[in-house]
Amino acid sequence: MDWLAVSIYTTPAGIDPLCGRLYNLGITGVEIVDKDDFEDFLENNKQYWDYVDEELREKMNGETRVKIYVSDNENGHKMLQSVRDDLASFKSIDSENSFGSLRVEIDSCREEDWENNWKQYFKPIYVGDRLVIKPEWETIDDGEGKIVFNIDPGMTFGSGQHETTRLCVETLDEIVKKGDKVLDLGCGSGILSIISLMLGASHARAVDIDPNCKKIAYSNAALNGIGEDTYTVLDGNILTDDEFKKSTEESGPYDVVVANIVADVIIPLADDVRRYLKQGGTFIASGIIEMRIDEVKEAIEKNGFTIEEIKKENDWYCIVSR
């Protein structure tokens, strides 16, 4: 299949609300390209680099942009038109130009080219003391005694490279107990729900608005020896579909609910999460940028949760509450 690589130019302040709007359109796989973040990553991870690809460095110059992929066919073109219409609406309410130009650039991209580009920069990631997130095409020599999660992420979010995913994985490692039931809202590649099962959960249910995530999550589960007897992946809009909400509530209650999305989705989601959790259960909310942390905290506490910990990595936050 051929794809269209769609770059939407914005600002650091525009990343979170833009990703929220894309999510509501059904697009959950995004790539955030920000020069300052890239330079900061290189500066703080020098020990991992023998050299830095100067071509890649040059690509990072200029405006912040959010990149998405849509199929180069009728359905993809319809989605692209929906994105354009939503951006026009988004631009109309940005009277102070806080979110940048929101202009769109489109490049064609063959699937095999995208896969090869991705693999070039995706290496094993060590999270905490016990976990290794490893692309399936890589090998490691020091994985003995560790929980090794194999992943082929495809064109969706959740590779373990982003700060928000790592914060969630670290938290799951700390709190998931044998026999727990886990609900993963906005599951993307399935990384968080699958790792929960590898940590001892008895069953995990994963939900995403993007139907492509279902196939990817099940594929990643199979890579790690996990079957559909303990793992359920569903696509649907848990914010707007009342029947979907009801079925999610009836399949609970859950010991842990994790939502690694964006603030604009977590805020309205907080009320529903309360009904999905057991008394004393844990809600992990991540994907929150610094300028939105107070709003998310307020929404979580308003719905009866007690915040136990707020974790931070670079400019991203994760809230752990009960």
Side-chain angles (χ1 to χ4, degrees), residues 8-38 40-41 63-68 83 86-87 89-102 157-158 161-171 184-188 192 208-209 237-240 257-274 282-322:
I8 305 168
Y9 287 82
T10 183
T11 63
I15 292 172
D16 194 62
L18 174 57
C19 289
R21 296 179 79 100
L22 293 172
Y23 184 91
N24 288 330
L25 291 174
I27 299 170
T28 57
V30 301
E31 176 184 343
I32 298 170
V33 183
D34 184 82
K35 179 178 179 292
D36 291 340
D37 282 349
F38 180 68
D40 181 66
F41 173 79
E63 296 174 75
T64 296
R65 59 192 185 276
V66 173
K67 198 170 184 179
I68 62 173
V83 170
D86 195 71
L87 288 175
S89 173
F90 191 31
K91 185 68 175 175
S92 70
I93 63 173
D94 184 23
S95 58
E96 298 181 0
N97 199 34
S98 301
F99 307 141
S101 67
L102 298 177
F157 181 78
Q161 291 188 316
H162 199 275
E163 294 94 330
T164 61
T165 307
R166 291 197 300 271
L167 289 169
C168 287
V169 171
E170 289 172 1
T171 306
D184 181 4
L185 300 176
C187 67
L192 301 179
D208 204 287
I209 196 172
N237 192 327
I238 206 159
L239 286 178
T240 61
V257 175
V258 56
N260 182 24
I261 316 178
V262 291
D264 282 336
V265 179
I266 294 170
I267 289 170
L269 197 59
D271 179 52
D272 294 318
V273 170
R274 182 184 56 183
T282 302
F283 177 31
I284 305 167
S286 192
I288 308 160
I289 59 174
E290 187 165 12
M291 66 183 294
R292 306 298 301 280
I293 186 68
D294 289 338
E295 294 175 70
V296 179
K297 283 169 56 181
E298 181 181 355
I300 288 174
E301 291 176 330
K302 179 182 176 182
N303 283 285
F305 290 91
T306 299
I307 294 176
E308 295 198 331
E309 186 177 8
I310 298 177
K311 300 183 177 186
K312 180 183 179 185
E313 185 174 342
N314 295 325
D315 294 325
W316 296 93
Y317 287 79
C318 173
I319 299 175
V320 184
S321 61
R322 290 188 185 272

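Since the structure is predicted, the reported quantities are computational estimates derived from the model, not experimental observations.
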Report all side-chain donor-acceptor pairs from residues 265-272 shorter than 3.5 Å, counting only partners two or more places apart or in another chain.
from: D271; atom 1: OD1; to: R274; atom 2: NH2; distance (Å): 2.8
from: D271; atom 1: OD2; to: R275; atom 2: NH1; distance (Å): 3.2
from: D272; atom 1: OD1; to: R275; atom 2: NH2; distance (Å): 2.5

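- Minimum heavy-atom separation, C19 to V30: SG-CG2, 4.1 Å.
- Residues meeting the ring-ring contact (aromatic ring centres under 6.0 Å, His included) test with F283, sequence neighbours left out: F305.
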**Study point:** I289 and W316: CA distance, side-chain angles, deciding distance, side chain to side chain contact (heavy atoms under 4.5 Å, CB included) verdict
**Key:** CA-CA 5 Å; I289 59 174; W316 296 93; 3.3 Å; yes
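- The two residues K91 and G100 have their closest heavy-atom pair at NZ-O, 2.9 Å.
- In this structure, F99 CZ and L87 CG are separated by 12.0 Å, a value rounded to the nearest 0.5 Å.
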Review point. What's the verdict on side chain to side chain contact (heavy atoms under 4.5 Å, CB included) for L185 and I238, showing C-alpha distance, side-chain angles and the deciding distance?
Key: CA-CA 8 Å; L185 300 176; I238 206 159; 3.5 Å; yes
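- Between atom OH of residue Y317 and atom NZ of residue K311 there is a gap of 15.0 Å, rounded to the nearest 0.5 Å.
- Distance check, rounded to the nearest 0.5 Å: OG1 of T171 to CG of L192 gives 9.5 Å.
- You'll find the side chain of I284 reaches within 4.5 Å of the side chain of C318, heavy atoms only.
- For E295, the CD atom sits in a packed shell: over 12 heavy atoms of surrounding residues, nucleotides or ligands are nearer than 6.0 Å.
- Atom OG in S89 sits 11.5 Å away from atom CG in D94 (nearest 0.5 Å).
- The CG atom of D86 lies 4.0 Å from the CZ atom of R21; values are rounded to the nearest 0.5 Å.
- Remark: L18 CG to I8 CD1 distance equals 5.0 Å, nearest 0.5 Å.
- In this structure, I319 and I288 have side chains that are in contact, with non-hydrogen atoms separated by less than 4.5 Å.
- Exactly one residue among T306, I307, V273 makes a side chain to side chain contact (heavy atoms under 4.5 Å, CB included) with I300. That residue is I307.
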Practice item. Please lay out, stage by stage, how E31 and R65 fare under the test side chain to side chain contact (heavy atoms under 4.5 Å, CB included). Key: CA-CA 8 Å; E31 176 184 343; R65 59 192 185 276; over 6 Å; no
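- Residues meeting the side-chain hydrogen bond (donor to acceptor under 3.5 Å, both in side chains) test with D264, sequence neighbours left out: R292.
- The main-chain N or O of C187 is found under 3.5 Å from a side-chain atom of D208 such that the two form a donor-acceptor pair.
- Formation of a donor-acceptor pair under 3.5 Å by the T64 side chain with backbone atoms of T10 is not found in this model.
- Of the residues listed (V320, D184, V258), the one engaging C168 in a side chain to side chain contact (heavy atoms under 4.5 Å, CB included) is V258, and it is the only one.
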Practice item. Decide yes or no on side chain to side chain contact (heavy atoms under 4.5 Å, CB included) for S98 and T11, but give the supporting numbers first. Key: CA-CA 7 Å; S98 301; T11 63; 5.7 Å; no
